[in-house]
2 protein chains.
Amino acid sequence: MATMTDVAKAAGVSRATASYALRGDPRISPATADKVRRAAAALQYTTNLSARSLRSGRSGVIGVAIFELDKPYPSEMSAAVSREAAAHGLETIVQQTSNSKEREISILQKVTSQLCDGTIFSPGNVSVEEITALYGGKPLVLLDDISDDPLFDCVFTPCADGAEAAIHHLYDVGCRNIGVIGVDYEMLVDDRESTSVSGRRLAGALKAFDDLGINVDERNFVHTAWEAEDAREVAHRLADEGLAFDGLFCMTDTVALGMIRGFADRGVRVPDDVAIIGFDGINEGDYSVPSLSTIQTDIPDLARKAVGLLLQRLGENADAVPDNADPAAPQRLTADFRLIQRESTRR
Amino acid sequence: MATMTDVAKAAGVSRATASYALRGDPRISPATADKVRRAAAALQYTTNLSARSLRSGRSGVIGVAIFELDKPYPSEMSAAVSREAAAHGLETIVQQTSNSKEREISILQKVTSQLCDGTIFSPGNVSVEEITALYGGKPLVLLDDISDDPLFDCVFTPCADGAEAAIHHLYDVGCRNIGVIGVDYEMLVDDRESTSVSGRRLAGALKAFDDLGINVDERNFVHTAWEAEDAREVAHRLADEGLAFDGLFCMTDTVALGMIRGFADRGVRVPDDVAIIGFDGINEGDYSVPSLSTIQTDIPDLARKAVGLLLQRLGENADAVPDNADPAAPQRLTADFRLIQRESTRR
DNA sequence: TTGAAAGCGCTAACAA
DNA sequence: TTGTTAGCGCTTTCAA
């Protein structure tokens with residue numbers, strides 16, 4: 001592997017000049033710069049990222065830490081962030097936290113604060129306080145931060161507005177007995193949970209019920225893990241009990257698809273017997289039978305906002321004056337969404 | 001951020017001693033080691049990976065480079081590799097190549113050869129020769145290497161055997177007019193393609209047809225991109241032409257699910273009118289309607305084999321004597337698979 | 001069993 | 001406009 005010294009020698013300049021030239025510093029003359037670039041190309045030179053990172057604190061790599069790599073929604077999000085970052089000349093590395101606090105800490109301590117210039121982090125089990133202690137001062141954008149205190153930049157999923165739109169949509173297509181799947185109604189009394197993704201979706205749904213003058217109680221809400229298998233069992237149970245709903249809002253598309261599958265097992269027809277709408281907008285919902293109506297989070301928009309916040313901080317850091325370290329206050333943005341009507345609510 | 005120097009100072013030892021102690025070197029006395037560990041804990045010390053990597057060439061991180069993060073099969077594979085690597089104390093970072101040669105090169109040059117101790121790489125557009133020039137000498141395990149010349153360790157998807165089993169399964173459930181979706185029959189005459197994933201699946205299918213005494217010609221093979229949307233259109237076309245098949249083997253589950261969706265659009269019933277079997281075994285196929293029969297690649301097994309090969313090379317490197325650099329010959333393993341019968345071939 | 005010292009490859013202040 | 005030089009934090013000989 002050729003090093004900067006090799007390139008400098010080959011080009012007949014000093015290491016510093018070579019370094020400046022390769023990074024396009026304007027004070028190097030075009031002729032010299034060209035000579036250096038030629039030598040670098042000939043030697044197949046690539047910057048050693050460890051060395052650059054050690055010296056300058058910059059690697060040109062950003063990190064994404066998500067729950068699970070093999071779940072559709074986080075996957076699609078990571079892919080979108082990768083594409084967005086690539087458009088800005090940054091490499092993206094993705095890691096999965098596996099919903100394990102230990103893994104979150106390890107990622108935050110090792111990869112994030114070491115190899116990456118900044119990280120987009122989806123916190124699961126780690127608190128904002130712990131993040132603060134571990135993140136190493138590098139720019140950090142949280143996804144769906146549940147703390148009241150905005151210590152970090154954050155991008156939110158459009159939970160409340162999306163859920164509200166979902167309930168209105170079910171109402172608009174004629175549903176009058178609407179159930180919500182995947183949320184604990186008890187959560188309402190628990191303040192800590194109210195800022196979580198499910199808490200905010202619940203709040204949006206409740207607002208819609210209120211606006212529509214629909215009375216709901218705990219019987220309208222069925223708690224379940226956000227997994228297809230659990231949802232499938234809920235559908236079995238609802239069907240076996242004699243379906244009390246003509247419309248269901250599922251907290252995620254995966255839950256919705258599990259419900260559709262479970263209803264198919266019991267001969268309950270969607271949307272004829274019960275309309276179903278999900279949340280997320282994963283690709284899969286376009287090819288299910290029936291295809292799935294959903295509140296689609298605008299994932300490219302989310303990626304644009306998250307990467308944008310990161311770039312902003314990276315820009316700040318570049319100009320950072322140590323003794324005037326007064327960073328801008330953390331920003332909180334919310335991704336766009338759109339209602340997509342497909343077969344599962346076509347009636 | 002506390003450095004090794006801080007820890008050494010706090011523990012009252014030299015930097016070298018601290019370094020040895022933290023890595024559990026046996027020549028440091030238990031008392032000293034304990035003192036150092038205590039100091040490190042108190043200071044929340046974490047090794048600077050850039051520095052370690054720069055100095056020792058080891059970071060404890062392995063890389064996975066796959067086609068797309070938001071496709072189910074590569075996602076599930078990356079997740080499995082992450083879990084397997086974590087069990088061996090390694091961090092895993094995942095990158096997507098986006099099927100772009102430029103991105104593959106960038107990943108190989110920058111992240112792989114710099115930040116990672118080794119990489120599991122799924123080559124798309126880059127040739128083995130180019131990989132050789134770029135990978136930087138670090139251990140590299142290829143996924144489905146298409147070159148005849150085994151220059152690197154490699155794990156294969158069980159293409160030929162799996163495809164063979166798929167055709168036999170369709171035959172066993174009574175199909176006598178079997179089509180294969182997603183492969184170019186012309187490929188047979190093109191040697192370069194015969195070692196590709198689709199080439200090997202085609203070869204397996206042909207062997208099965210031959211064993212079963214079924215004559216096939218180009219009309220039994222329908223070429224399409226491995227995307228749900230393209231497959232859906234193929235299904236429309238086949239249905240509109242008056243379905244000539246009673247059984248279809250699709251080159252991937254995504255293609256199969258797209259076909260199922262396309263047939264649903266046209267009122268063709270699966271499996272009654274046509275049985276369908278896919279390949280991959282993605283989670284999604286368990287919840288589709290109808291659920292999808294498939295040749296499921298044993299992804300945990302694949303991950304175990306890939307990480308195992310990497311660990312083996314990493315072990316070799318550790319003991320590597322520079323002037324006796326005679327590495328073991330590249331190994332080629334194939335992942336297990338199993339036939340999963342679900343509704344789409346239940347007849 | 002521990003310490004001193006060199007240096008991985010790079011960047012950035014400072015000099016020329 | 002270019003060169004000299006001092007490290008970033010760590011590991012690893014070599015010496016004690």
Side-chain angles (χ1 to χ4, degrees), chain A residues 1-36 39-40 43-61 109-110 113-115 117 136-138 317-322, chain B residues 1-36 40 43 45-61 109-110 113-115 117 136-138 317-318 320 322:
Chain A
M1 271 285 135
T3 72
M4 187 103 260
T5 310
D6 299 328
V7 174
K9 205 172 294 174
V13 298
S14 75
R15 269 162 51 214
T17 302
S19 172
Y20 288 131
L22 289 176
R23 280 173 298 140
D25 192 297
R27 60 187 146 170
I28 302 296
S29 73
T32 310
D34 194 60
K35 203 167 51 178
V36 173
L43 293 167
Q44 294 216 52
Y45 170 79
T46 329
T47 323
N48 181 317
L49 285 186
S50 297
R52 165 177 292 174
S53 176
L54 178 59
R55 177 61 232 230
S56 69
R58 285 301 184 87
S59 61
V61 176
Q109 281 200 142
K110 292 189 189 157
S113 54
Q114 312 266 345
L115 305 178
D117 293 347
K138 300 273 185 80
N317 273 25
D319 312 333
V321 188
Chain B
M1 272 286 135
T3 73
M4 187 106 260
T5 310
D6 299 328
V7 174
K9 205 172 294 175
V13 298
S14 75
R15 268 161 52 210
T17 303
S19 174
Y20 288 132
L22 289 177
R23 279 173 299 139
D25 192 296
R27 62 188 144 170
I28 302 296
S29 72
T32 310
D34 194 61
K35 205 167 52 179
V36 173
L43 292 167
Y45 169 79
T46 329
T47 324
N48 181 316
L49 285 186
S50 298
R52 165 175 292 172
S53 176
L54 178 58
R55 178 60 233 234
S56 69
R58 286 300 184 89
S59 62
V61 176
Q109 282 201 141
K110 292 188 188 159
S113 56
Q114 314 266 344
L115 305 177
D117 294 346
K138 299 273 185 82
N317 272 24

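Chain letters run A, B, ... following the sequence lines, proteins first and then strands; every chain starts at 1. What you see is a predicted model, and the numbers here were worked out from it, not measured in a lab.
- A:D34 places no side-chain N or O within 3.5 Å of a backbone atom of A:A31 that could act as its donor or acceptor partner.
- Side-chain atoms of A:R52 and B:Q114, non-hydrogen and from C-beta on, never get closer than 4.5 Å to each other.
- Comparing atom distances between the B:A16 side chain and each of C:dT2, C:dA5, C:dA12 picks out C:dA5 as nearest.
- A:S50 has no side-chain polar atom (N or O) that falls below the 4.0 Å cut-off from OP1 or OP2 of C:dG9.
- Judged by distance alone, the side chain of A:S59 and the main-chain N or O of A:S53 form no donor-acceptor pair under 3.5 Å.
- The side chain of B:A51 lies closest to D:dG9, out of D:dG9, D:dT12, C:dT2.
- Atom CE of A:M4 is separated from atom P of D:dG7 by 21 Å (rounded to the nearest Å).
- Pairing each heavy atom of A:Y45 with each of A:M4, the nearest pair is CE1-N, 3.4 Å.
- No N or O donor and acceptor, one from the side chain of B:R55 and one from the base of D:dG9, sit under 3.5 Å apart.
- Of the candidate nucleotides D:dT11, C:dA12, C:dT2, C:dT2 has the atom nearest to the side chain of B:S29.
- Put simply, CG on A:D34 is 17 Å from C1' on D:dT2, counting in whole angstrom units.
- Between A:T32 and D:dT2 there is a side-chain polar atom (N or O) within less than 4.0 angstrom of OP1 or OP2.
- When heavy atoms are screened at a 4.0 angstrom cut-off, A:R52 is found touching the sugar-phosphate backbone but no base atom.
- Distances shorter than 4.0 Å separate some side-chain N or O of B:T17 from OP1 or OP2 on C:dG3.
- Looking at the side chain of B:R27, the nearest of the listed nucleotides C:dA4, C:dC14, C:dT1 is C:dT1.
- Per the geometry, OH belonging to B:Y20 stands 11 Å off C1' belonging to C:dA4, to the nearest Å.
- Distance, B:L49 CG to D:dC8 P: 18 Å, rounded to whole Å.
- At whole-Å resolution of the value, NZ in B:K9 and P in C:dG3 are 14 Å apart.
- Counting to the nearest Å, the C1' atom of C:dA12 and the CG atom of A:L54 are 14 Å from each other.
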